[in-house]
Number of protein chains: 2
Amino acid sequence: MSERGRPRSFDRASALRRAMVVFWAKGYEGSSLSDLTAAMGINSPSLYAAFGSKEALFLEAIDLYTRSEGSDIWSTLEEAPTARLAIEGFLTQTAKAYSQTDRPQGCLIALGALHQDSSQGLICQDLRRRRAENHTALERRLQRAVAEGELAENFDCKSAATFFATVQHGMSIQARDGATHSALMATVNGAMAAWTAMAGPHA
Amino acid sequence: MSERGRPRSFDRASALRRAMVVFWAKGYEGSSLSDLTAAMGINSPSLYAAFGSKEALFLEAIDLYTRSEGSDIWSTLEEAPTARLAIEGFLTQTAKAYSQTDRPQGCLIALGALHQDSSQGLICQDLRRRRAENHTALERRLQRAVAEGELAENFDCKSAATFFATVQHGMSIQARDGATHSALMATVNGAMAAWTAMAGPHA
DNA sequence: CCTATTCTGTAACGATCGATACATAATTAT
DNA sequence: ATAATTATGTATCGATCGTTACAGAATAGG
């Protein structure tokens with residue numbers, strides 16, 4: 001049974017969400033246990049009992065981030081009727097999400113732990129894997145468009161996916177520098193201008 | 001006179017260069033005094049006597065980085081005969097520089113200190129200012145092309161500068177993920193496809 | 001009731017952080 | 001030679017890092 005013993009006095013899901021925001025704003029290295037416990041409203045023994053370690057807490061926070069913050073962006077990619085609308089929607093959702101002022105700007109997965117180090121090998125590895133998955137999702141969506149005849153057979157899906165993924169990563173840094181929604185949309189429009197040239201005049 | 005007293009037993013410029021590489025690889029937060037003194041081959045009192053503090057050392061390292069590593073990229077922007085070649089050269093130089101394997105990948109100014117914090121306010125502010133200057137340099141080059149008649153009067157220089165600066169920032173993260181030179185060139189080609197669409201068929 | 005189990009707050013652990021005090025060594029000025 | 005000045009190495013500073021020992025509080029099963 002898991003109902004024995006003294007019951008937890010805080011909401012685990014809510015505490016995780018607050019921890020996610022701290023990591024999002026300060027990165028893995030920059031978030032101290034003091035920062036985390038203060039934001040979560042608990043003491044460190046409770047944190048360790050519930051989540052295991054700072055590293056494990058971060059990994060859970062990343063998972064929550066992917067499920068909550070990333071869903072709008074990536075569902076747009078899959079559900080849009082054409083590849084062009086998929087990419088445009090993907091970038092537009094990104095511009096919208098990254099410029100919200102009620103949360104940290106930019107992407108936790110892109111900015112959370114860029115400097116690999118001995119102590120944070122797992123963290124960097126996990127984030128890198130997720131960034132690679134995002135790249136793959138973009139490439140798959142473009143490959144689908146080729147299979148459906150929307151894009152030419154010789155369309156370079158991998159290169160195009162690399163380009164759009166890179167643009168999104170750049171938007172994270174841009175957002176961290178305080179870029180407004182319209183500034184981010186300038187980048188989106190630039191990227192979509194590239195689409196026109198890459199996909200040919202018929203697309 | 002500055003020649004009195006016991007002479008310094010290490011080469012200040014060489015030590016600064018080594019410190020720059022440490023900051024470049026690990027970021028400001030991730031670089032400890034132990035990391036720095038070990039790489040510089042000196043003890044901490046010598047570091048403080050020569051550079052003042054970790055923060056001051058970082059600011060000097062950033063300045064050295066701008067002068068040494070950034071010159072190729074930004075001189076290309078200014079010296080290319082047309083705006084198209086300027087942007088293409090700017091991005092191509094970036095792809096080349098970011099994929100060198102004998103130094104850390106990506107840009108120190110873009111990745112050195114993304115998470116603003118109370119303790120590193122000056123650091124973030126300095127990097128942000130330098131990123132803004134880069135954006136301005138791009139915008140100015142495009143404005144020059146408008147003045148020279150290469151680009152149409154209604155060409156949106158600011159938005160285009162934002163787009164290309166964002167692409168370059170994204171390339172830093174891409175490079176940190178181990179992107180090869182050809183992968184970075186895929187992004188460059190994508191961005192230049194955007195140029196074709198933005199500048200019109202006559203460019 | 002009692003026991004077992006789990007969580008909570010206090011308090012502290014060893015390690016490392018950035019930064020220095022201090023005595024000594026090495027140089028110039030007089 | 002002596003004084004003045006500056007750098008070096010050792011050794012350490014207080015603060016903070018991530019983490020945990022421990023005793024008491026709160027629940028369930030018996």
Side-chain angles (χ1 to χ4, degrees), chain A residues 1-16 18-20 22-23 25-62 112-113 115 117-124, chain B residues 1-16 18-20 22-23 25-62 112-113 115 117-124:
Chain A
M1 293 302 117
S2 63
E3 299 173 349
R4 289 204 306 188
R6 180 174 176 173
R8 186 177 286 127
S9 66
F10 62 93
D11 180 24
R12 191 183 189 279
S14 163
L16 177 60
R18 289 163 187 254
M20 176 190 77
V22 173
F23 283 130
K26 302 191 165 193
Y28 179 74
E29 289 179 310
S31 302
S32 70
L33 261 292
S34 301
D35 294 330
L36 292 165
T37 54
M40 299 164 86
I42 60 178
N43 295 114
S44 42
S46 297
L47 188 154
Y48 279 85
F51 299 101
S53 67
K54 182 188 176 186
E55 194 173 70
L57 174 62
F58 183 81
L59 294 175
E60 269 202 66
I62 291 295
H115 306 290
D117 193 274
S118 57
S119 69
Q120 50 176 298
L122 287 178
I123 301 295
C124 281
Chain B
M1 293 302 117
S2 63
E3 299 170 353
R4 289 205 307 190
R6 180 173 174 173
R8 186 176 286 127
S9 65
F10 61 96
D11 180 22
R12 191 182 190 279
S14 163
L16 176 59
R18 289 161 188 256
M20 177 190 76
V22 173
F23 283 131
K26 302 191 165 195
Y28 179 74
E29 289 179 311
S31 301
S32 71
L33 261 292
S34 302
D35 295 329
L36 292 165
T37 54
M40 299 164 85
I42 60 177
N43 295 115
S44 42
S46 296
L47 188 154
Y48 279 86
F51 299 100
S53 67
K54 183 187 176 186
E55 195 173 69
L57 174 61
F58 183 82
L59 293 175
E60 270 202 66
I62 292 294
H115 306 290
D117 191 274
S118 58
S119 68
Q120 49 175 297
L122 287 178
I123 301 295
C124 282

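Hydrogens, waters and symmetry mates play no part in the numbers below; they use all other heavy atoms, side chains included. Letters A, B, ... mirror the listed sequences (proteins, then strands); counts begin at 1.
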Taking the nucleotide of DNA chain D with the nearest heavy atom to each, does Ser32(A) or Gly52(A) sit closer to the 5' end? Ser32(A)
Rounded to whole angstrom units, what separation is found between the NZ atom of Lys54(A) and the C1' atom of dT20(D)? 17 Å
Nucleotide N/O of nucleotides 7-11 of chain D paired with protein N/O under 3.5 Å:
| from | atom 1 | to | atom 2 | distance (Å) |
| --- | --- | --- | --- | --- |
| dA7(D) | O4' | Arg6(B) | O | 3.1 |
| dT8(D) | OP1 | Ser9(B) | N | 2.8 |
| dT8(D) | OP1 | Ser9(B) | OG | 2.7 |
| dT8(D) | OP2 | Ser46(B) | OG | 2.9 |
| dG9(D) | OP2 | Asn43(B) | OD1 | 2.9 |

Side-chain contact, heavy-atom cut-off 4.5 Å: Met40(A) with Phe10(A)? no
Answer with base, sugar-phosphate or nothing: what part of the nucleic acid does Ser31(B) contact at a heavy-atom distance below 4.0 Å? sugar-phosphate
How long is the line joining OH of Tyr48(A) and P of dT8(C), in whole Å? 16 Å
Say you draw a straight line from CZ of Phe58(A) to CD of Glu29(A); how long is it, rounded to the nearest 0.5 Å? 10.0 Å
Let me know the distance between NZ of Lys26(A) and P of dG18(D), rounded to the nearest Å. 11 Å
When you measure from the side chain of Ser34(A), which nucleotide among dT19(D), dA19(C), dC17(D) comes out closest? dC17(D)
Minimum heavy-atom separation for Val22(A) and Ala39(A), please, with both atom names. CG2-CB, 3.5 Å
Between C1' of dG18(C) and CD of Glu29(B), the distance in whole Å: 14 Å
Which heavy atom of Ser34(B) sits nearest to which heavy atom of Thr37(B), and what is that distance? O-OG1, 3.2 Å
Arg4(B) CZ - dA29(C) P separation (whole Å): 7 Å
Of the nucleotides dG18(D), dT28(C), dG18(C), which has the atom closest to the Leu33(B) side chain? dG18(C)
Can you check side-chain contact (heavy atoms from CB on, under 4.5 Å) on Leu33(B) and Tyr48(B), steps first, answer last? CA-CA 10 Å; Leu33(B) 261 292; Tyr48(B) 279 86; 3.8 Å; yes
Lys54(B) NZ/CZ over Phe23(B) ring centroid, <6.0 Å and within 45° of normal: no
Rounded to whole angstrom units, what separation is found between the CD1 atom of Ile123(B) and the C1' atom of dG18(C)? 13 Å
So, for Cys124(A) and Ala113(A), which heavy atoms are closest and what is the spacing to 0.1 Å? SG-O, 3.3 Å
Check the distance between dG18(D)'s P and Phe51(A)'s CZ and give it to me in whole angstrom. 16 Å
Rounded to the nearest angstrom, tell me the gap between atom CG in Asp35(A) and atom P in dG18(D). 8 Å
